[in-house]
Amino acid sequence: MSSQTSVAEHSSSGKTSDKVFKGIAYGAGILILVALAAVTLFLLMRALPMVTGNQKQNEETIVSFTGGQATNFLQYVGPLVFGTVLVSALALLLAFPVAVGIALFISHYAPKKISTPLSYVVDLLAAIPSVVYGLWGGLVLVPHITGFWTWVAKYLGWIPLFKGPVANPSRTVATVAVVLAVMILPIITSVSRDIFVQAPRLQQEAALAMGATKWEMIKLAVIPFGRSGVVSASMLGLGRALGETMAVLMILSPGLGYSFNILQASKNQTIAANIAAQFPEANELGVSTLIATGLVLFLITFLVNFFARKITEKATV
């Protein structure tokens, strides 16, 4: 009789724990939705004066921000969107192959005594504040990379992307892309490494048993397994690059145009860096204008994550 009572009490306790855990899980999920809705509502409300306010005052604000290069919001935000996407895409292009290579080296090539400390170094790089990367880029990289960009322009200048003249100091999109690539490298590497480590051991051993080389085994068993995870890792890195502020602000010589000349200064600017640069001296309508550009960046980030989700779903089918 006592054992039956004990079982009943244990069952009742288990049901209570399940309910509590379910409630916490639901609460956490709802909290995320509430936070996202609050951010969206804040951006919409604070950007509203830019849309519904006096158009003449809006034009005066944008003219003051751009020195007369733009007179309406579309002319103002268009080059900023272009610059943001250009810098972020270049950073991802530079970081992705290196990150995947490092992740494969740690997970399948490096001996234990090397892979463990290397993993710690990668995780440590991800924790470095962006302002430190900005200081390193502005004080160390900018003075020393000009010679390399000059060499690139000399031999590859026939490609519009690398057309000179090279800016000196090199406060250009190319230099910023290198710094952002270093910033997002540990994020992509860390997530990709964790995915590759979980690749099914039996499939890897089967590929090796059938005579595949190590690279062929990785190509057949590891990379297909981790494809969706690597895409997700890349989108995480791209998300950070899109929203990066301090490193861009401290390095890039800003401009307001549509230019692919990444070795020339004063050609492009990003949304986040522009907000940080203009905010201290902006009036109420100016703040509304900057928040409206922030809303555009928010939508870009949302679309990037949405399409990444779709790509990930297709990769797992």
Side-chain angles (χ1 to χ4, degrees), residues 28 32 35-36 39 84-142 145 173-199 218 222-223 225-252 270-273 276 297-298 300-302 304-305 308-309 311-312 315:
I32 291 295
L36 180 62
V39 171
T84 301
V85 174
L86 177 63
V87 171
S88 303
L90 288 173
L92 182 61
L93 188 65
L94 292 172
F96 179 78
V98 179
V100 173
I102 295 173
L104 287 172
F105 175 75
I106 293 174
S107 62
H108 286 84
Y109 285 96
K112 189 74 173 177
K113 61 181 180 180
I114 296 178
S115 63
T116 300
L118 188 56
S119 296
Y120 291 149
V121 170
V122 169
D123 294 338
L124 181 62
L125 284 173
I128 296 177
S130 60
V131 68
V132 175
Y133 282 109
L135 288 171
W136 168 73
L139 299 178
V140 178
L141 188 62
V142 167
I145 203 172
V173 167
T175 305
V176 172
V178 172
V179 175
L180 291 185
V182 175
M183 292 178 64
I184 68 177
L185 180 70
I187 298 174
I188 302 174
T189 301
S190 182
V191 177
S192 300
R193 174 201 65 204
D194 293 342
I195 295 295
F196 291 149
V197 167
Q198 297 175 24
I218 290 173
V222 178
I223 293 180
F225 172 82
R227 185 180 294 116
S228 62
V230 172
V231 171
S232 298
S234 302
M235 292 306 104
L236 284 174
L238 180 60
R240 180 173 186 185
L242 285 169
E244 179 52 41
T245 304
M246 289 308 300
V248 180
L249 183 65
M250 297 170 72
I251 298 172
L252 184 62
T270 68
I271 294 176
L297 179 60
F298 179 81
I300 293 172
T301 306
F302 176 81
V304 166
N305 284 279
R309 195 64 154 172
I311 295 171
T312 303

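What you are looking at is a predicted structure, and each value in this text was computed from that prediction instead of being measured.
Atom-to-atom distance recorded for R193:CZ and Q198:CD is 11.0 Å, nearest 0.5 angstrom. Put simply, CD1 on I128 and CH2 on W136 are 10.0 Å apart, with the number rounded to the nearest 0.5 Å. Going from atom CG of D194 over to atom OG of S107 covers 10.0 Å, rounded to the nearest 0.5 Å. Note that OG1 of T301 is 14.0 Å distant from CZ of R240, once rounded to the nearest 0.5 Å. Interatomic distance, L135 CG to L141 CG, rounded to the nearest 0.5 Å: 13.0 Å. Once rounded to the nearest 0.5 Å, the distance linking OG of S115 with CD1 of I106 reads 7.5 Å.
When all heavy atoms of T245 and A276 are compared, the pair lying nearest together is CG2-CB, 3.5 Å. Heavy-atom minimum distance, A233 versus S192: CB-OG, 3.9 Å. Across all non-hydrogen atoms, the minimal contact from F196 to V222 is CD2-CG1, 3.6 Å. Residues L93 and P97 approach most closely at O-CD, 3.2 Å, considering heavy atoms. Taking both residues in full, the closest heavy atoms of V122 and S190 are given as CG1-N, 4.2 Å, listed atom of the first, atom of the second, then distance. In plain terms, the two heavy atoms of L94 and A181 that are nearest each other are CB-CB, 3.8 Å.
For the side-chain contact (heavy atoms from CB on, under 4.5 Å) with L185, the lone residue among V182, I188, T189 that qualifies is T189.
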Yes or no on side chain to side chain contact (heavy atoms under 4.5 Å, CB included) for L238 and I184, after CA distance, side-chain angles and deciding distance? CA-CA 7 Å; L238 180 60; I184 68 177; over 6 Å; no

Apply the test side chain to side chain contact (heavy atoms under 4.5 Å, CB included) to residues L92 and S234: give CA-CA distance (whole Å), side-chain angles for both, the deciding distance (0.1 Å), then the verdict. CA-CA 7 Å; L92 182 61; S234 302; 4.1 Å; yes

From CA spacing to verdict: side chain to side chain contact (heavy atoms under 4.5 Å, CB included), V248, L180: CA-CA 8 Å; V248 180; L180 291 185; 4.3 Å; yes

Kindly determine whether E244 and V87 satisfy side chain to side chain contact (heavy atoms under 4.5 Å, CB included), including the steps that lead there. CA-CA 10 Å; E244 179 52 41; V87 171; over 6 Å; no

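Within the 4.5 Å cutoff, the side chain of P111 has heavy atoms near those of the I114 side chain. The side-chain heavy atoms of L36 and F298, taken from C-beta on, include a pair separated by under 4.5 Å.
Other residues, nucleotides and ligands place more than 12 heavy atoms under 6.0 Å from the OH atom of Y109.
With T84 contributing its side chain and I271 its backbone, the two residues share a donor-acceptor pair below 3.5 Å.
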